[in-house]
Amino acid sequence: MNYIVMDLEWNQASDEKTKLANELLFEIIEIGAVKLNDKKHQIDSFHELIKPQVFHRMNQVTGELIHIQMEQLSNCRSFEEVAGDFLKWCGEDYVFCTWGGADLTELQRNMEYYHMSSLSSGPLKYYDIQKLFSIAYEDRKTRRSLKYAVDYLEIEQDIAFHRADSDAYYTAKVMSHFYNPALFDNYSFDTYQLPKSRADEVHAIFENYEKYISRPFPDKLTAMQDKEVISTRCFLCGANTKRRIPWFSVNNGKHYYTVVCCKTHGYLKGKIRMRKSVRDDCIYVVKTLKSIDENGVTDILKRKQQTREVRKERRHRL
DNA sequence: GTTATTCTTAGTGAGCCTGG
DNA sequence: CCAGGCTCACTAAGAATAAC
C-alpha cells in the first residue's frame with residue numbers, strides 16, 4: 001500500500017456579496033502530493049495549480065499567506081481535470097496522509113460541488129500526521145503547526161511553507177521521523193461522508209480503546225435513544241458489561257460519560273461526543289471505550305459531582 | 001392546586017489554537 | 001478575512017421537586 005501525502009491550498013470570497021452568491025465556501029486552487037511506497041520511500045510527486053471557477057479575486061489575507069496570484073492561475077486546468085488526474089495518479093491501493101483534518105473534507109466538498117463521484121461511501125480512513133506528531137513527540141492532544149514540527153525535528157527548510165507541494169514535502173519529511181511503526185496504528189477517519197446505515201457504522205479497535213462512528217441522527221435525544229449508540233460491550237472480548245455509572249452529560253450535552261465493568265477485563269470508560277455533520281443538517285456520534293482502573297472510576301465520579309456543584313454555585317451567585 | 005426553589009439542559013459568545 | 005476544534009463563562013428556559 002502507498003501513502004499519498006497530500007496538501008491543498010484554497011481561496012475564498014473577498015467580500016460578503018460574493019460569499020453569499022456562491023454555494024462553495026472554499027475553492028481549491030492547488031494540489032500538492034508526495035507518493036511513498038510501503039517502506040515510506042518517496043516514489044513520485046504530484047503538483048498542479050487550478051484555474052478558479054468560483055472566486056475570481058484572491059482574498060487578501062489568503063493571498064499573503066499562500067503567495068499565489070490570480071494571474072498565475074489563468075492558464076491552468078479546471079478542478080475537475082486536475083482532481084481527476086490527481087486521483088488517477090493516486091492509484092488503487094493507497095491511504096491519504098495530511099497535516100490536520102481539513103484537507104480531505106475540503107477535497108470532498110469541492111468534488112461534490114462539481115458532481116464528481118465521491119471518494120468514499122462512508123467515513124474515509126486516513127493518517128493525520130499532525131496528530132501522529134503529537135502522539136510521537138508531545139501529549140497526543142496539542143496540535144502544532146507544520147512549521148513547529150519541522151523546527152522541532154530540525155528538518156532543513158529549503159523551500160517556503162504554505163504551498164501545496166512544499167507542505168506535502170515537509171509533511172512527508174516529518175513522517176520519516178516516525179521510527180516506531182506502531183504509530184501508524186493511530187489512523188483517523190474523515191467524516192465528510194457519514195455511515196449510510198447501521199451496518200456501515202465504524203467500529204475501529206485500537207491498542208487500548210475502541211472508536212465508534214454512528215450513522216446520522218436528527219438530534220441528540222434521538223441519538224441517545226439508539227441501542228448501538230449507548231451500547232457498551234467490552235471491545236476486548238465482546239462480552240456484555242455491567243453499568244456502574246449511568247450515562248451523564250457534561251459540557252452542556254455535547255459530551256456524555258459512563259463507566260461499565262467487564263467480567264474479565266475490568267472497568268471501561270465510555271465517552272460520547274455529539275458532532276455536527278459538515279455536509280448536512282444532522283448530528284452523529286463519536287463514542288470511545290477505554291480501559292480504566294479504580295482511580296479512573298473515581299475520576300469520573302468526581303467529574304459527575306463537579307459539574308453538579310459548578311451549576312449549583314452559579315445559581316447561588318445569581 | 002398554586003407558587004417557589006432547585007435541578008438540568010440548550011444555546012451563545014469569547015478566547016485560544018489549527019487550517020486556507 | 002474565512003472555517004474548524006476545544007474550553008469556559010454565562011443566560012434562558014423547561015422539568016422536577018418542595019413548600020405553601
Side-chain angles (χ1 to χ4, degrees), chain A residues 6-32 49-50 52 54-55 57-68 70 73 97-110 126 128-134 138-150 160-168 170-171 174 188 190-192 219-221 223-224 246-256 271-279 283 286 303-318:
Chain A
M6 174 192 69
D7 186 60
L8 307 171
E9 306 302 318
W10 53 74
N11 185 29
Q12 63 187 288
S14 296
D15 56 86
E16 201 67 19
K17 225 177 161 182
T18 326
K19 182 189 167 184
L20 294 174
N22 291 288
E23 279 182 25
L24 192 66
L25 197 54
F26 296 133
E27 180 177 25
I28 295 171
I29 52 171
E30 188 181 34
I31 299 177
L49 288 161
I50 292 165
V54 179
F55 304 119
R57 276 183 56 196
M58 186 66 67
N59 177 290
Q60 198 190 332
V61 180
T62 307
E64 285 165 12
L65 184 73
I66 65 178
H67 302 106
I68 296 175
M70 269 301 165
L73 306 177
C97 304
T98 59
W99 192 263
D103 291 79
L104 281 172
T105 299
E106 294 314 325
L107 177 62
Q108 292 180 91
R109 216 200 300 261
N110 275 250
Y126 74 105
D128 178 350
I129 305 306
Q130 187 189 43
K131 174 177 161 178
L132 297 197
F133 174 77
S134 185
E138 306 209 298
D139 62 355
R140 301 185 76 98
K141 282 186 176 175
T142 45
R143 296 311 182 101
R144 298 295 193 179
S145 64
L146 181 57
K147 170 96 165 56
Y148 180 98
V150 168
F161 284 91
H162 287 303
R163 284 296 299 266
D165 55 340
S166 56
D167 282 8
Y170 284 127
T171 303
V174 171
S188 303
D190 179 272
T191 50
Y192 181 76
D219 54 71
K220 278 194 272 196
L221 286 177
M224 287 307 282
W247 285 106
F248 67 95
S249 80
V250 295
N251 194 14
N252 298 332
K254 281 177 192 125
H255 298 163
Y256 291 79
K271 181 180 182 181
I272 279 177
R273 284 178 295 160
M274 295 291 170
R275 312 300 296 270
K276 266 187 189 153
S277 163
V278 294
R279 198 164 155 262
I283 62 118
V286 178
R303 194 178 316 207
K304 185 175 179 178
Q305 280 150 9
Q306 260 178 16
T307 49
R308 274 188 189 162
E309 277 162 24
V310 167
R311 286 166 182 165
K312 209 174 184 178
E313 265 181 47
R314 281 180 194 156
R315 274 189 304 278
H316 280 295
R317 262 185 288 161
L318 293 176

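Quick note on labels: first sequence line is chain A, next is B, and so on, each numbered from 1.
Listed pair K131(A) / dG19(B) fails the phosphate criterion, with no side-chain N or O lying under 4.0 Å from OP1 or OP2. Under 4.0 angstrom from either OP1 or OP2 of dA10(B) there lies at least one side-chain N or O belonging to K220(A).
With rounding to whole Å, H255(A) atom NE2 is found 13 Å from dA10(B) atom P. When rounded to the nearest whole Å, the span between CH2 of W10(A) and P of dG4(C) equals 12 Å. Rounded to whole Å, atom C1' of dT7(C) lies 12 Å from atom NZ of K141(A). With rounding to whole Å, K147(A) atom NZ is found 17 Å from dG19(B) atom C1'. What separates OH of Y192(A) from C1' of dG4(C) is a distance of 15 Å, to the nearest Å. Between H162(A) atom NE2 and dT18(B) atom C1' there is a gap of 10 Å when expressed in whole angstrom units. At whole-Å resolution of the value, CZ in R163(A) and P in dG19(B) are 17 Å apart. The nearest whole Å value for the distance from the CZ atom in F55(A) to the C1' atom in dA3(C) is 12 Å.
Backbone-only contact: E9(A) has heavy atoms under 4.0 Å from sugar-phosphate atoms and none from a base. Across all strands, L65(A) comes closer than 4.0 Å to base atoms (heavy-atom distances). If you check every strand for non-hydrogen atoms under 4.0 Å, D128(A) touches nothing. Residue contacts shown for K19(A) are limited to sugar-phosphate atoms, with no base heavy atom under 4.0 Å away. Residue contacts for I28(A): at a heavy-atom cut-off of 4.0 Å it reaches no nucleic acid atom on any strand shown. Residue contacts for D219(A): at a heavy-atom cut-off of 4.0 Å it reaches no nucleic acid atom on any strand shown.
Panel note: side chain D128(A), backbone G100(A); a donor-acceptor pair is recorded below 3.5 Å.
Applying the side-chain contact (heavy atoms from CB on, under 4.5 Å) criterion to T105(A), with sequence neighbours excluded, gives R109(A), D190(A), Y192(A), V278(A). With sequence neighbours left out, T191(A) forms a side-chain hydrogen bond (donor to acceptor under 3.5 Å, both in side chains) with Y284(A). Under the rule for a side-chain hydrogen bond (donor to acceptor under 3.5 Å, both in side chains), E16(A) has no partner lying at least two apart in sequence or in another chain. Annotation: side-chain hydrogen bond (donor to acceptor under 3.5 Å, both in side chains) contacts of D103(A) (sequence neighbours excluded): none. The side-chain contact (heavy atoms from CB on, under 4.5 Å) test applied to A102(A) returns W10(A), not counting sequence neighbours. By the side-chain contact (heavy atoms from CB on, under 4.5 Å) test, D165(A) pairs with E30(A), H47(A), R163(A), sequence neighbours left out. Evaluation of the side-chain hydrogen bond (donor to acceptor under 3.5 Å, both in side chains) rule for N22(A) yields no partner, not counting sequence neighbours.
When distances are taken from the side chain of Q130(A) to each of dG19(B), dG5(C), dT7(C), the shortest belongs to dG19(B). The side chain of R273(A) approaches dC6(C) more closely than any other nucleotide in the set dG19(B), dA3(C), dC6(C). Side-chain proximity of R275(A) to dC6(C), dA3(C), dT7(C): nearest is dC6(C). Considering only side-chain atoms of N59(A), the nucleotide from dA3(C), dC1(C), dC6(C) that sits closest is dC1(C). The side chain of V61(A) lies closest to dC1(C), out of dC1(C), dG19(B), dA10(B).
Near DNA chain C, defined here as any heavy-atom distance below 4.0 Å, there are no residues from residues 99-110 of chain A.
Contact of the H255(A) side chain with the K271(A) side chain is registered, since non-hydrogen atoms from C-beta on lie closer than 4.5 Å. When side chains are defined from C-beta on, K19(A) counts as touching L25(A), because their heavy atoms get closer than 4.5 Å.
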Using nucleotides 14-17 of chain B, report all nitrogen or oxygen pairs with the protein that are shorter than 3.5 Å.
none

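Ring orientation note: the planes of F133(A) and W99(A) are tilted relative to one another, at an angle of 30° to 60°.
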